[in-house]
Amino acid sequence: MMYSRESFCGELGLRLQDLPLLACLLGNDIVPEKMVGHFHRKCIALYGSCNEQNNRANAIRAVATFISKIQLLPHGLREVERMMEPTFDMTLLPKGIQSYVLPQQNSPWISLTSQSFLNCTELSRSSPCQDQEVVQIALEDHYKGDNVMICNVLCFGESDCSNTLEDENDPDIPCQALVYRIARQHIYAILLGTGDGSPDSCPVVQEWYVYHGNMLEKPELVPALPLSIQGGTPTARELWLSNNPDIQIQRFYTCMACFHVERWTEGIRSLDSHLAATCCLLIYLSVQVDSLTLTDVEAFLAQTLCLPGKSGSQLSSLQLSYVDSRAVHLAFIFLRGLITLMACNSACGYPFDMMDLMPWNTFDGKLFHQKYLLCLERKPLDVILEKQESLIMEFKKLRTIIIEASEAQNRVLQPGPTRTSSLLPGRQFYPYPNQRGENNSWQGVPDWQASHHGQRSHYRGYRRRGHQFSNQ
């Protein structure tokens, strides 16, 4: 799905230049939403619609109407200040607007003297990466919507993820921050180099990755890790700017090497992009996560194969008899893998079309949950794959690739325990009312960890500008 900023602005009566102000007034990582709640209520009272049932939509339209009425005034932010509570910190708005303004552009909402943001050249000179052309390319791609993690690493030597969804009561599955650290270290090596080969010269990235026990009080210093491939670790300049006719092959090979599956590049590269991405991640997870079972892998493969044939309405109408906490945890681990693969794709010069890796083209959580439950109950393949012979054949082919690649790395995948709905342990809950004839239909809800969301930006304040490339 693609969104048009022009159509969005036309619907709300705004200019493109007004969108940074709209984002700030609605609440973002610089202007906390709770600080503008009073302002929202005043806008709704003045411009809200009585027919709008969605409170959030009503607030967005009301705030947009307010902006449209003051957008031609010479001192528009003074009008905003009049609508705010006396305790509101007005210095947040220029800071927030600046974080959206492109290099060498100005905003009509803040004066030229206050627009003290760094342009591409200034960022390049202060960057841990000394290749200014590479930094500028990364920044330009970021402003188009790509390279979130890449920009943070190149410009500030930092990488962050301040939220997660993990079951603290399931210690068998490690936290996603640590599962994908090795892959991230290889990405750092591509972007920042590997020094002169000695440990002391290896570039170090400050990681702000939340996981159980890590309160994000200080960054972890994570060194870049060279790739163990012939010719050594290629640089970002080599992968991004080379005119070699075989460069796309090298890009794909390097991307696979970051996940330690380079030996199977030829077979994986022959697959459709969404299948190649899934195989890459499942081989990596099979080696990194000891508790991952063959049953888990089969559920992921079944989801990937069946997803292209599903419409949005079919996916939304899927019904689950119960929700398994382990399936939710696994789904989140896989999605974080997709995000890591997207960062690796950027670092390696786009061997994949980025749209092919987007979660909505690759993964659906409810469909995965359905396949996971069917696989746990050992349903026949023709049931799991919806009686489609072509999918059954492709499933067997992909499963063989993953099993053989895992075994080559001394990891033998074993089937998970067989379960039936009457023999499940107590870590399920039932999402539909009165499913079990009880007043409280949510039984056995696990303790989810959505840890420290937003804590990093609160703790670190506005030191430098890492917030503008925040990975939420």
Side-chain angles (χ1 to χ4, degrees), residues 128-129 131 134 138 146-161 174-199 201-209 219-240 242 247-265 268-269 276-277 279-289 333-334 336-352 354 357 405-406 408-409 411 471:
C129 175
D131 192 328
V134 165
D146 293 339
N147 283 352
V148 177
M149 171 182 160
I150 304 306
C151 278
N152 271 334
V153 173
L154 286 173
C155 296
F156 308 116
E158 296 182 348
S159 180
D160 74 319
C161 176
C175 57
Q176 57 86 16
L178 301 182
V179 167
Y180 294 108
R181 175 168 285 178
I182 292 175
R184 293 196 304 273
Q185 288 179 277
H186 291 319
I187 295 172
Y188 303 155
I190 293 171
L191 297 174
L192 301 178
T194 57
D196 60 13
S198 64
S201 67
C202 195
V204 172
V205 172
Q206 298 183 63
E207 284 199 344
W208 300 85
Y209 276 73
E220 295 180 273
L221 303 181
V222 178
L225 184 63
L227 292 170
S228 300
I229 57 177
Q230 186 175 1
T233 306
T235 65
R237 168 170 284 275
E238 293 168 349
L239 293 171
W240 295 8
S242 173
I247 187 60
Q248 198 66 2
I249 295 175
Q250 183 184 4
R251 289 167 177 162
F252 194 92
Y253 180 82
T254 305
C255 184
M256 294 297 101
C258 289
F259 293 88
H260 299 177
V261 296
E262 68 276 8
R263 281 182 283 173
W264 300 274
T265 294
I268 293 176
R269 192 163 183 261
C279 283
C280 169
L281 291 177
L282 290 180
I283 294 170
Y284 179 84
L285 288 174
S286 296
V287 176
Q288 297 297 323
V289 181
I333 289 280
F334 186 84
R336 277 297 171 189
L338 274 179
I339 292 172
T340 306
L341 180 56
M342 290 166 66
C344 188
N345 187 48
S346 298
C348 294
Y350 300 100
F352 291 95
M354 191 64 89
L357 300 181
S406 300
Q409 299 180 75
R411 172 73 161 93
N471 178 18

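Small disclaimer: the values here were computed from a predicted structure and weren't measured.
Using a 30° and 60° split on the angle between ring planes, Tyr284 and Phe259 fall in the perpendicular class, above 60°.
Under a 3.5 Å cut-off, the side chain of Trp240 and the backbone N or O of Ala347 do form a donor-acceptor pair. Side-chain atoms of Tyr209 never come within 3.5 Å of backbone atoms of Gln176 as a donor-acceptor pair (strictly under, hydrogens ignored). The closest donor-acceptor contact from the side chain of Thr233 to the backbone of Leu227 lies under 3.5 Å. With hydrogens and angles disregarded, no donor-acceptor distance shorter than 3.5 Å links the side chain of Gln248 to the backbone of Gly349. Looking only at distances, a side-chain donor or acceptor of Arg184 sits under 3.5 Å from a matching main-chain atom of Ala177. A donor-acceptor pair under 3.5 Å is absent between the side-chain atoms of Arg411 and the main chain of Val287, judged by distance alone. Under the 3.5 Å distance criterion, the side-chain polar atoms of Thr265 are matched with a main-chain donor or acceptor of Glu262.
Taking 4.5 Å as the limit, some side-chain heavy atom of Ile187 sits within range of a side-chain heavy atom of Met149. Under the 4.5 Å side-chain criterion, counting only non-hydrogen atoms from C-beta, Arg251 is not in contact with Thr254. Between Ile190 and Cys258, the closest side-chain pair of non-hydrogen atoms falls below 4.5 Å. Residues Cys279 and Trp264 form no side-chain contact, since every pair of their non-hydrogen atoms from C-beta on lies 4.5 Å or further apart. Side-chain contact between Leu221 and Gln206 is present, with at least one heavy-atom pair separated by less than 4.5 Å. Leu282 is listed as a side-chain neighbour of Phe334, based on a closest heavy-atom distance under 4.5 Å. The shortest side-chain heavy-atom distance between Leu191 and Val205 does not fall under the 4.5 Å cut-off. The side-chain heavy atoms of Ser228 and His260, taken from C-beta on, include no pair separated by under 4.5 Å.
With rounding to the nearest 0.5 Å, the separation of CD1 in Ile268 from CD1 in Ile283 is 4.0 Å.
Contact detail for Cys202 and Pro223: the closest heavy-atom pair is SG-CB, 4.4 Å. Of all heavy-atom pairs spanning Glu238 and Pro234, the tightest one is OE1-CA, 3.2 Å. Annotation for Leu357 and Ala277: closest pair CD2-CB, 3.7 Å, computed over non-hydrogen atoms. The minimum heavy-atom distance between Ser406 and Ser286, with the atom names listed, is OG-CB, 3.3 Å. Residues Ala257 and His186 come closest through the heavy atom pair O-CD2, 4.2 Å. Of all non-hydrogen atoms in Ala138 and Cys151, the two that sit nearest each other are O-SG, 3.3 Å.
Among residues at least two apart or in separate chains, salt bridge (charged side-chain N to carboxylate O under 4.0 Å, His left out) pairs with a member in residues 219-236 are Arg181-Glu220.
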Could you walk me through whether Cys255 and Leu341 pass side-chain contact (heavy atoms from CB on, under 4.5 Å), step by step? CA-CA 8 Å; Cys255 184; Leu341 180 56; 3.7 Å; yes
The test is side-chain contact (heavy atoms from CB on, under 4.5 Å); show your working for Gln185 and Glu207 and say whether it passes. CA-CA 10 Å; Gln185 288 179 277; Glu207 284 199 344; 5.7 Å; no
